[in-house]
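For reference, the structure is listed below as structure tokens.
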Amino acid sequence: MSDTPKFPNTSRRGFLKAAAGGAAAAATAGQAAAGTPDPAITEVQPWAQGFGDGVDAVPYGMPIEHEAHVVRRNVDWLTADVISSINFTPIHALEGTITPQGCAFERHHSGAIEMTKQDYRLMINGLVDQPLVFTYADLERFPRTVATFFCECAANSGMEWGGAQLQGAQFTHGMIHNMEYTGVSLRTLLNETGIKPEGKWIYVEGADASSNGRSIPLEKALDDVLVAFFANGEALRKEHGYPVRLVVPGWEGNLWVKWLRRIEVTDMPTESREETSKYTDLMPDGRARKWTWEMDAKSVITSPSPQAPVRHGPGPMVITGLAWSGRGAITGVDVSLDGGQNWREARLAAPGEQKALTRFYLDHVWDGSEMLLQARARDETGYVQPTKDQLREIRGRNSVYHNNGIQTWWVKANGEAENVEVS
Ligand code: MTE
Ligand code: CO
């Protein structure tokens, strides 16, 4: 039939059938229009008795005050010092896939610095034919590309290695954001300088005191790396690297250098502090994994979750979350209601995009009993997101970074949800 609803379990027909069956209001997601008059409908409301705000009231808008809870948050014991710390994206309260800049997590090693476009310089030197310095105005004259990518801190979910700990998707999985970037391909700029045959790596650093220097193999630098100056259609916010940051699709957030000031072409990796003492993974035998740049496929149910409990009774409900892979596109997400014993394929809001967040839904009719909710992502390489136990078998418990194990939320009959582990 041409009017077949796209959404299997929440079709209008499904709702009406449930209502006609008289199976109590609990089986429907709406209310019968009969009964006592509802003053919210029958009374002229205050907002209809006068004028609203004029168009000049707020030249640049903020979210309405009723959404004031949708904000970045810290974990107190993690935030040793706010200038060298991290906060978390409220993924439990966002929808779709794009993260607004205003609530996208921040990670600074020495605080967010303020710079003007006029003061901005990008130097490319080292094993190049012609070292060059670009001003912001220079960068604006190169051909641009637009693409959406997730940026995930390697430490995302790092506090969960020892067991279920933080109560909320914001805290367990919120070191991630997903923005539409506009910028110049790094390949274009490296073509300008030329690369000597010995050039095999680049070393990228920021203008902040920490400089956050990292090495990137030339192959990646010439592939999909962007020198970006717009995010979600507007200039980068100060905290995300205004006026220019590096975008390194699919690779750990630490490589996404903000306030980008220098790119040196080298013959070897630089072995900076950020890639020797940090951002390596200590294995059970005492050795460390190095150069773990790619972010493995991962997913999390954002609602319901501890900060987003179920606030209605049995009947239709939306189970939703995010999935992503640093190796390419998400091809599918499975959802389990019973801690991983049985799986159902979730509906992707749109086909998975390269190295970007994918929104998934399970349109479920809840019987009101408790659930052990899990999501499991699959990507185009055939990789399937592992359980936490599978991950620990190989990686041990000493790691901080690259925890992409399956998350479990215990949703109780009263709708409250808790971070737990099942084995
Ligand atoms: N770049 C500079 N110059 N200084 C920094 O402290 N932090 C890095 C990276 N780039 C950092 C930086 C880390 S660890 C991460 S996870 C990302 O930026 C976070 O980007 P965001 O603050 O836009 O979320
Ligand atoms: Co980071």
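Counting convention: from 1, in listed order, for ligands and their atoms alike.
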What protein N/O/S atoms lie closer than 2.8 Å to the Co ion (ligand 2)?
-> Cys153 SG
Under 4.0 Å between a Lys/Arg side-chain N and an Asp/Glu carboxylate O for Glu421 and Arg392?
-> yes
Does Arg347 pair with Asp363 as a salt bridge, N-O distance under 4.0 Å?
-> yes
Note every protein N or O atom lying under 3.5 Å from an N or O atom of ligand 1, pairing the names and giving the distance.
residue, atom, partner, partner atom, Å
ligand 1, 1 (N), Lys258, N, 2.9
ligand 1, 3 (N), Asp208, OD1, 2.8
ligand 1, 3 (N), Asp208, OD2, 3.3
ligand 1, 3 (N), Lys258, O, 3.0
ligand 1, 4 (N), Asp208, OD2, 2.8
ligand 1, 6 (O), His109, N, 2.7
ligand 1, 6 (O), His109, ND1, 2.7
ligand 1, 7 (N), Arg107, O, 3.3
ligand 1, 7 (N), His109, ND1, 3.4
ligand 1, 10 (N), Trp256, O, 3.0
ligand 1, 18 (O), Arg245, NH2, 3.3
ligand 1, 20 (O), Arg245, NH2, 3.0
ligand 1, 22 (O), Arg107, N, 3.0
ligand 1, 22 (O), Lys258, NZ, 2.5
ligand 1, 23 (O), His177, NE2, 3.3
ligand 1, 23 (O), His240, ND1, 2.7
ligand 1, 23 (O), Arg245, NH1, 2.7
ligand 1, 24 (O), Phe105, O, 2.6
ligand 1, 24 (O), His177, NE2, 2.8

So does Glu275 pair up with Lys290, basic N to acidic O under 4.0 Å?
-> no
Do Glu106 and Arg237 meet the salt-bridge criterion of a basic N to acidic O distance under 4.0 Å?
-> no
Among Tyr181, Trp251, Phe150, the one residue meeting ring-ring contact (aromatic ring centres under 6.0 Å, His included) with Trp256 | Tyr181
Leu139 side chain near Leu189 side chain, heavy-atom distance below 4.5 Å = yes
Would you call the rings of Trp291 and Trp201 parallel, tilted or perpendicular, where under 30° means parallel and over 60° means perpendicular?
-> tilted
Output yes when Glu274 and Arg214 qualify as a salt bridge under the 4.0 Å nitrogen-oxygen rule, no when they do not.
-> no
Carboxylate-amine/guanidinium contact Arg378 Glu345, below 4.0 Å = yes
